[in-house]
Q: 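Sharing a structure below in structure tokens format, with a few things to ask.
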Amino acid sequence: MDVIVIGGGIAGIATAYQLRAAGHRVCVIERHATVAQGATYGHSGVVLPTPLDVWFGPTFLRHGRQSSGGVISKAGWRGQAHAFTKRLGALHGSEAFEARYALLRPLIDSAQAELDDIDGRFQLEYEQRDGLLYLVRGNDEWSLTQPALELLRQFETPHHALSPAECVAFDAAIPADPPFAGGVRFENGRVANCPLFVKLLKQVLDTQGGVQFVTGREVTAIRVESQRAAVDLAPQPNEAGRSRDVDVMSADAVVVAAGAQTPHLLAPFGLKLPAYPLRMHTLNSPVAHEECVPHGTIVDAGKRIVITRMNHRLRISGAAVLLREKEVDEALPESVTEDALALLGEASRDWAPGAARISAALAWEGVKLLSADGLPAVGNVGHPRLFVNAGHGPAGWALALGSAKLIAQQVSNSAPDLPAETIQALWPGRD
Ligand SMILES: Cc1cc2nc3c(=O)[nH]c(=O)nc-3n(C[C@H](O)[C@H](O)[C@H](O)COP(=O)(O)OP(=O)(O)OC[C@H]3O[C@@H](n4cnc5c(N)ncnc54)[C@H](O)[C@@H]3O)c2cc1C
């Protein structure tokens with residue numbers, strides 16, 4: 001079949017890869033001049049989510065508690081956003097959390113298997129590193145973390161729960177004072193450079209053939225009919241500076257993997273994704289004092305802020321701001337951006353004092369979709385020729401490899417690997 005994939009982030013490139021592997025001809029359309037320029041660009045490196053990374057569950061957005069999950073509130077945060085956080089609240093209980101994670105788990109396993117397969121086939125070097133340490137500040141937060149630790153044990157994920165003294169002994173850059181409750185250490189390689197991976201996978205596709213990349217073009221509309229699907233591309237200025245007519249590209253199916261723009265492209269079909277836009281922030285800072293830099297990646301588990309070394313800089317990422325759909329392309333009020341960046345600076349001073357020269361850091365922000373039930377939106381929806389691979393949330397860039405496999409199986413009409421209850425839970429048409 002001929003398939004159009006809209007979006008050149010990790011979700012789009014992973015989808016193109018899996019469709020090609022299933023024998024289809026693919027055209028990826030990306031509005032930027034190259035791939036990995038959206039949320040994929042700003043990733044903080046955590047490859048696949050454990051129960052400690054997911055943006056739902058007992059530690060996420062608990063009002064009135066010390067931890068608000070690293071989400072910055074902003075004025076006018078009512079209506080839709082309020083309903084969204086209320087739904088997340090339903091996953092605070094450990095049973096609901098465990099049940100939801102159990103639905104996500106087969107997708108994580110599938111994504112891991114796909115990543116291992118790609119690593120084995122192509123030996124890509126995308127700065128994979130070992131060593132990830134989650135730190136928990138308060139005792140209150142530590143007790144809320146216990147259901148996640150229970151899931152790590154249940155799924156036999158190799159990890160070590162550490163006392164504060166053991167954390168400090170493991171990495172001398174972590175200050176013992178002020179006191180904190182403890183940490184969880186993972187040894188296996190779980191941090192890597194997502195945009196680099198995307199670019200290398202694109203190179204693989206360029207070499208293999210069968211995948212065409214149309215960059216610098218924006219899809220303005222999708223049309224599906226019984227025999228064919230098509231997309232309209234925004235007119236390009238010609239030499240005289242005037243626009244030409246809209247270009248139309250057609251195929252047998254269309255996969256929307258357009259990140260935060262996905263809801264906008266699906267709206268004309270009356271489809272509403274079960275996901276909310278979230279603006280995330282990054283500080284890329286020069287190293288201040290080399291001896292103060294943690295030797296692995298550190299995550300403030302309560303605030304969901306990641307501190308990781310990337311070459312000669314430290315990247316501090318997190319500080320989410322929930323948006324309304326119409327605010328996706330708008331700048332945040334300056335005071336909200338300042339609060340977000342201050343939260344990142346604070347985390348860096350808390351867990352790696354002296355490591356980053358925050359005053360010289362470059363700020364970056366990007367928008368992600370986060371669902372209120374913690375699962376991405378993946379599958380066929382609205383029309384037999386229309387598919388979605390989006391909403392992977394702020395953790396789990398490699399999840400897109402597993403969900404892309406599902407899409408390829410659905411497009412090919414072949415039996416899916418994932419269990420039926422997971423496929424149903426991922427369905428983009430759910431409430
Ligand atoms: C600061 C930050 C830190 C993060 N940290 C992590 C982490 O540690 N671990 C992790 O797993 N995840 C992390 N994430 C999330 C992760 O980066 C995303 O889940 C993932 O990159 C989403 O990929 P995507 O392809 O769905 O979206 P995107 O990367 O946003 O890609 C969508 C693409 O579609 C294109 N597009 C949109 N509309 C159109 C159109 N109409 N026509 C043509 N092209 C279009 C866009 O230009 C874009 O390139 C982080 C995100 C941010 C912002």
Side-chain angles (χ1 to χ4, degrees), residues 3-13 15-16 27-33 35-42 74 76-77 79-81 83-84 214-224 229-236 243 246-251 253-280 320-332 365-373 375-383 385-394 400 403 407 426-431:
V3 187
I4 289 173
V5 175
I6 307 172
I10 176 68
I13 300 301
T15 306
C27 175
V28 178
I29 305 174
E30 165 56 52
R31 62 183 175 168
H32 288 293
V35 298
Q37 298 299 296
T40 298
Y41 180 81
K74 84 180 167 50
W77 201 48
Q80 254 185 326
F84 174 82
V214 176
T215 52
R217 301 298 306 268
E218 178 167 11
V219 173
T220 51
I222 304 169
R223 287 183 272 133
V224 280
V231 297
D232 292 350
L233 301 181
Q236 279 189 311
S243 294
V246 168
D247 286 329
V248 178
M249 292 183 73
S250 62
V254 172
V255 183
V256 191
Q261 304 298 326
T262 303
H264 174 68
L265 287 166
L266 294 175
F269 296 93
L271 295 170
K272 173 124 189 57
L273 281 193
Y276 221 82
L278 196 64
R279 193 175 295 267
M280 309 267 298
V321 181
L322 268 175
L323 306 172
R324 278 175 288 195
E325 227 165 271
K326 60 179 187 186
E327 295 170 326
V328 166
D329 294 320
E330 288 173 14
L332 285 173
E365 55 184 60
V367 182
K368 260 308 304 147
L369 293 182
L370 176 69
S371 67
D373 60 15
L375 266 56
V378 183
N380 173 240
V381 70
H383 189 279
R385 296 186 183 277
L386 186 60
F387 298 80
V388 173
N389 188 5
H392 289 278
S403 51
I407 302 263
L426 295 173
W427 185 54
R430 67 189 190 267
D431 273 344

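In this text the structure is predicted, and so the values were computed from the model without any measurement.
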Q: Which pairs count as side chain to side chain donor-acceptor pair (under 3.5 Å) when at least one residue sits in residues 256-271, sequence neighbours excluded?
A: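 Applying side chain to side chain donor-acceptor pair (under 3.5 Å) to every pair that reaches into residues 256-271, excluding sequence neighbours, yields Gln261-Asp329.
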
Q: Answer whether the closest heavy-atom distance between the side chains of Glu365 and Val321 falls below 4.5 Å.
A: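 SC-SC contact between Glu365 and Val321 ruled out.
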
Q: Contact between Pro274 and Asp431 at the side-chain level, heavy atoms closer than 4.5 Å - yes or no?
A: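 No, every pair of side-chain atoms sits at 4.5 Å or beyond.
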
Q: Mind checking what makes side chain to side chain donor-acceptor pair (under 3.5 Å) contact with Asn380, not counting sequence neighbours?
A: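 Expected list: none.
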
Q: State the CG-CG distance between Leu370 and Leu323, to the nearest 0.5 angstrom.
A: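 These two atoms lie 11.5 Å from each other.
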
Q: Compare every heavy atom of Glu30 with every heavy atom of Gly8, then report the nearest pair and how far apart it is.
A: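 So the minimum-distance heavy-atom pair works out to N-OE1, 2.7 Å.
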
Q: Over all heavy atoms of both residues, which pair between Phe84 and Ala372 is shortest? Give the atoms and the distance, please.
A: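 Looking at all heavy atoms of both residues, the closest pair is CE1-N, 3.3 Å.
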
Q: Any side-chain heavy atom of Val224 within less than 4.5 Å of one from Phe269?
A: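 Touching, per the 4.5 Å side-chain cut-off.
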
Q: I need the minimum non-hydrogen distance between Ala320 and Met280, along with the two atoms involved.
A: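 Smallest interatomic distance, heavy atoms only, reads CB-SD, 3.9 Å.
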
Q: Does some side-chain heavy atom of Pro428 sit less than 4.5 Å from a side-chain heavy atom of Leu266?
A: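 Of all side-chain heavy-atom pairs linking Pro428 with Leu266, none is under 4.5 Å.
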
Q: Quick check: do Ile222 and Ile6 have side-chain heavy atoms less than 4.5 Å from each other?
A: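 Yes. Closest side-chain heavy atoms under 4.5 Å.
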
Q: Specify the closest pair of heavy atoms between Val214 and Met249, including all atoms of both residues, with the distance to one decimal.
A: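 Where Val214 meets Met249 most closely, the heavy atoms are CG2-CE, 4.3 Å.
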
Q: If you take all heavy atoms of Ile10 and Thr40, which pair is closest and at what distance?
A: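 Looks like N-OG1, 3.1 Å.
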
Q: For Gln236 and Leu233: C-alpha separation, side-chain torsions, deciding distance, then whether side chain to side chain contact (heavy atoms under 4.5 Å, CB included) applies.
A: CA-CA 9 Å; Gln236 279 189 311; Leu233 301 181; over 6 Å; no

Q: To the nearest 0.5 Å, what is the distance between CD1 (Ile4) and OG1 (Thr15)?
A: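 Those atoms lie 14.0 Å apart.
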
Q: To the nearest 0.5 Å, what is the distance between CZ on Arg31 and OG1 on Thr220?
A: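 These two atoms lie 12.5 Å from each other.
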
Q: Output yes when a side-chain donor or acceptor of Arg279 lies under 3.5 Å from a complementary backbone atom of Val328, and no otherwise.
A: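 Yes: the side chain of Arg279 pairs with the backbone of Val328.
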
Q: Do the non-hydrogen side-chain atoms of Leu386 and Leu271 ever get within less than 4.5 Å of each other?
A: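 Yes; the side chains approach each other to less than 4.5 Å.
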
Q: Over all heavy atoms of both residues, which pair between Arg217 and Ile29 is shortest? Give the atoms and the distance, please.
A: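 The answer is O-CG2, 3.5 Å.
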
